[in-house]
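Worth saying up front: this structure is predicted, and the values here are computed from it rather than measured. Side chains included, hydrogens not; waters and symmetry mates left out as well; all remaining heavy atoms used. One-based numbering along the sequence shown.
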Amino acid sequence: MNFKRTFNKERVKFYFGLLFICSFIILNTSCGLDVYYFLVAPVCNDVRTENNDPALDYFIFKTAQSGNYSAGSSSAFTFSGTEIYYKIYTDSSSMIKRESTIDNYIDNANSSSNSSSATAAMDQLESWGYQKLKFTNKVNTPDPLIVSNNSTTDEYVYIRLVNSYAGEDYQACICVGSSAITKCDTDTAFKDSSGNILAPLRIVEDSSAKDYKSFAFSSDSSDSLKTPPASTDVDVYYTSSSNDTWYVDLYAVSVGFDTATYVPYYSQPAFLGSMAIPDGDYSDN
C-alpha cells in the first residue's frame, strides 16, 4: 500500500511537469519572445560648432549602411535609412544644456545593454519636439531623408542650411556621395525635376505658399518662406522675443522597422553640431 501511494505521487509530479513544458512551448510558439533590434548609429568625426567663418557653416557625417545591413536584410526587419533631426533655439545656452543631456543618455546607453537605455536619447529628442529636416514639398521629400535602397555601402552626407557666399560651392544644399564632401557638389546634391539644387527646409509650412519654410531667416524679406521663427512654431524652443540670431543643432539617426508589427526602431542619435543663423539678407536662398 505504501508503495502504491508513492507511485501515484510521482505520476502526478510527472504529469504536472509535462503540462508545464507543453504550456511553455505553446505560449512561446504562438506569442513569440520579445525581439529588439539595435541599430548602428551614423558617424560624425567633425562635429560643427559656432565659428566666425561662414564657409564652415555646414554639417558632414557618414551613414551606417554597412553596419545595419545584416538587420535590414532580414525578412523580419527592414533598415530604412538615415533621418536628420533639428531644433531651432532663440538662445545658445538652452541648446548647449540640452545637448549635454543627450550626451549623458548616450554615455549611459553605451555602458548598458538595456533596450530602454538605448532609446532614451531618441525619446528625449522627440519629447523636446525635434523635427525631421525637409528639402522640398511634402509630396517629394523622402522618409527617411537618406533612403538606404538596400545598399551595403556607407554614404557621406553634406548639409548646408543657408547660403554663405556667392557661388555654387557655398549654397544651401544636401549632398550624398561615395566620398567625403566639403562643399556643395552639383553632381551629388538633391535636385528637383528641372535640375535645380534644393535647399534644406524646416517642417513649418507657410499657409499661403503651401510649402515648407527656409532657414534663411529675414525680417526684411517679402518672401513669406523666410519669415523668422515664431514662438508657436513646432520646431522652435522660444525663450526670447528680442533677438536677431537663432541657433540650430542637428542629429543623424539610423532608422528601420519591424516588418510584422511596423514598430519603428532608431539608433543612438549622432550629434552633427550646431550653428548660429543671424537675421539677414539671404537673397540667393
Side-chain angles (χ1 to χ4, degrees), residues 36-51 56-64 67-68 80-134 143-146 157 159 161 200 202-204 215 217 228-243 245-257 263-278:
Y36 189 88
Y37 298 97
F38 287 89
L39 297 182
V40 179
V43 176
C44 180
N45 293 321
D46 187 6
V47 176
R48 190 59 58 204
T49 57
E50 292 179 50
N51 62 82
L56 299 177
D57 283 339
Y58 61 84
F59 305 87
I60 54 175
F61 70 94
K62 187 167 68 171
T63 65
N68 290 308
S80 305
T82 308
E83 196 67 84
I84 314 298
Y85 287 83
Y86 77 94
K87 188 74 176 180
I88 301 171
Y89 293 84
T90 56
D91 71 281
S92 60
S93 59
S94 296
M95 178 180 69
I96 294 171
K97 183 178 180 179
R98 285 184 166 185
E99 290 167 0
S100 178
T101 299
I102 296 299
D103 285 343
N104 289 335
Y105 279 130
I106 294 174
D107 289 342
N108 290 337
N110 290 337
S111 60
S112 171
S113 60
N114 189 296
S115 61
S116 62
S117 298
T119 62
M122 190 61 211
D123 290 344
Q124 186 65 79
L125 287 181
E126 290 186 323
S127 71
W128 283 334
Y130 273 72
Q131 301 294 326
K132 296 177 181 179
L133 193 68
K134 304 296 182 181
D143 187 10
L145 193 69
I146 313 298
V157 181
I159 301 171
L161 298 180
R202 302 168 57 195
I203 201 170
V204 176
F215 284 95
F217 312 135
S231 60
T232 55
D233 291 346
V234 296
D235 59 350
V236 178
Y237 184 67
Y238 209 93
T239 56
S240 173
S241 60
S242 57
N243 63 283
T245 301
W246 289 265
Y247 303 88
V248 183
D249 62 358
L250 271 64
Y251 289 86
V253 182
S254 299
V255 298
F257 64 93
V263 171
Y265 287 88
Y266 305 91
S267 71
Q268 294 289 355
F271 182 50
L272 305 184
S274 61
M275 66 172 289
I277 302 180

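Note that OH of Tyr58 is 13.0 Å distant from CG of Leu272, once rounded to the nearest 0.5 Å. Rounding to the nearest 0.5 Å gives a distance of 10.0 Å between OH of Tyr89 and OG of Ser274. Once rounded to the nearest 0.5 Å, the distance linking OH of Tyr238 with OG of Ser94 reads 13.5 Å. With rounding to the nearest 0.5 angstrom, the CD1 atom of Ile84 is 14.0 Å from the CD atom of Gln131. Atom CD of Gln124 and atom CG of Asn104 lie 11.0 Å apart (nearest 0.5 Å).
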Using the rule given for side chain to side chain contact (heavy atoms under 4.5 Å, CB included), can you reason through Tyr85 versus Tyr266, listing the C-alpha separation, both sets of side-chain angles and the distance that settles it, and then say yes or no?
CA-CA 12 Å; Tyr85 287 83; Tyr266 305 91; 3.9 Å; yes

Verdict with reasoning, Leu250 to Leu161, per side chain to side chain contact (heavy atoms under 4.5 Å, CB included)
CA-CA 11 Å; Leu250 271 64; Leu161 298 180; 4.2 Å; yes

Please walk me through it: do Tyr86 and Phe215 pass side chain to side chain contact (heavy atoms under 4.5 Å, CB included)?
CA-CA 11 Å; Tyr86 77 94; Phe215 284 95; 3.8 Å; yes

Side chain to side chain donor-acceptor pair (under 3.5 Å) between Thr90 and Thr239: does it pass, once the steps are laid out?
CA-CA 6 Å; Thr90 56; Thr239 56; 2.9 Å; yes

Test side chain to side chain contact (heavy atoms under 4.5 Å, CB included) applied to Asn45 and Val43, step by step:
CA-CA 6 Å; Asn45 293 321; Val43 176; 3.7 Å; yes

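Within a 6.0 Å sphere centred on OH of Tyr247, other residues, nucleotides and ligands contribute more than 12 heavy atoms.
When each of Gln268, Lys132, Met122 is paired with Val253, the side chain to side chain contact (heavy atoms under 4.5 Å, CB included) condition holds for Met122 and for no other. A side chain to side chain contact (heavy atoms under 4.5 Å, CB included) with Glu83 holds for exactly one of Leu133, Ile146, Asp143; it is Asp143.
Under the 3.5 Å distance criterion, the side-chain polar atoms of Thr63 are left unmatched by any main-chain donor or acceptor of Pro42. Of the possible donor and acceptor atoms, none in the side chain of Thr245 sits under 3.5 Å from a partner among the backbone N and O of Pro278. The closest donor-acceptor contact from the side chain of Asp233 to the backbone of Ala230 lies under 3.5 Å. Lys87 places no side-chain N or O within donor-acceptor distance of the main-chain N or O of Asp249, the cut-off being under 3.5 Å.
Contacts of Tyr130 classified as ring pair (Phe, Tyr, Trp, His ring centres under 6.0 Å), with partners at least two apart in sequence or in another chain: Tyr251. Not counting sequence neighbours, Ser100 has no partner by the side-chain hydrogen bond (donor to acceptor under 3.5 Å, both in side chains) test. Asp46 meets the side-chain contact (heavy atoms from CB on, under 4.5 Å) test with Arg48, Ile60; sequence neighbours excluded.
For Pro229 against Val236, the heavy-atom pair with the smallest separation is CB-CG2, 3.5 Å. Here the shortest heavy-atom pairing between Val204 and Asp235 reads CG2-OD1, 3.2 Å. Residues Val248 and Met95 share a closest heavy-atom pair of C-SD, 4.0 Å. The minimum heavy-atom distance linking Asn68 with Ala64 is given by the pair ND2-O, 3.0 Å. Closest non-hydrogen pair, Ala252 versus Thr82, comes out as CB-CG2, 4.2 Å. Closest heavy-atom contact between Val47 and Gly273: CG1-CA, 3.6 Å.
Proximity of Ile88 to Phe217: side-chain heavy atoms (C-beta onward) are separated by under 4.5 Å at one or more points. You'll find the side chain of Ile106 reaches within 4.5 Å of the side chain of Pro269, heavy atoms only.
Stacking of Arg98 on the aromatic ring of Tyr237 is recorded, both the 6.0 Å distance cut-off and the 45° axial limit being met.
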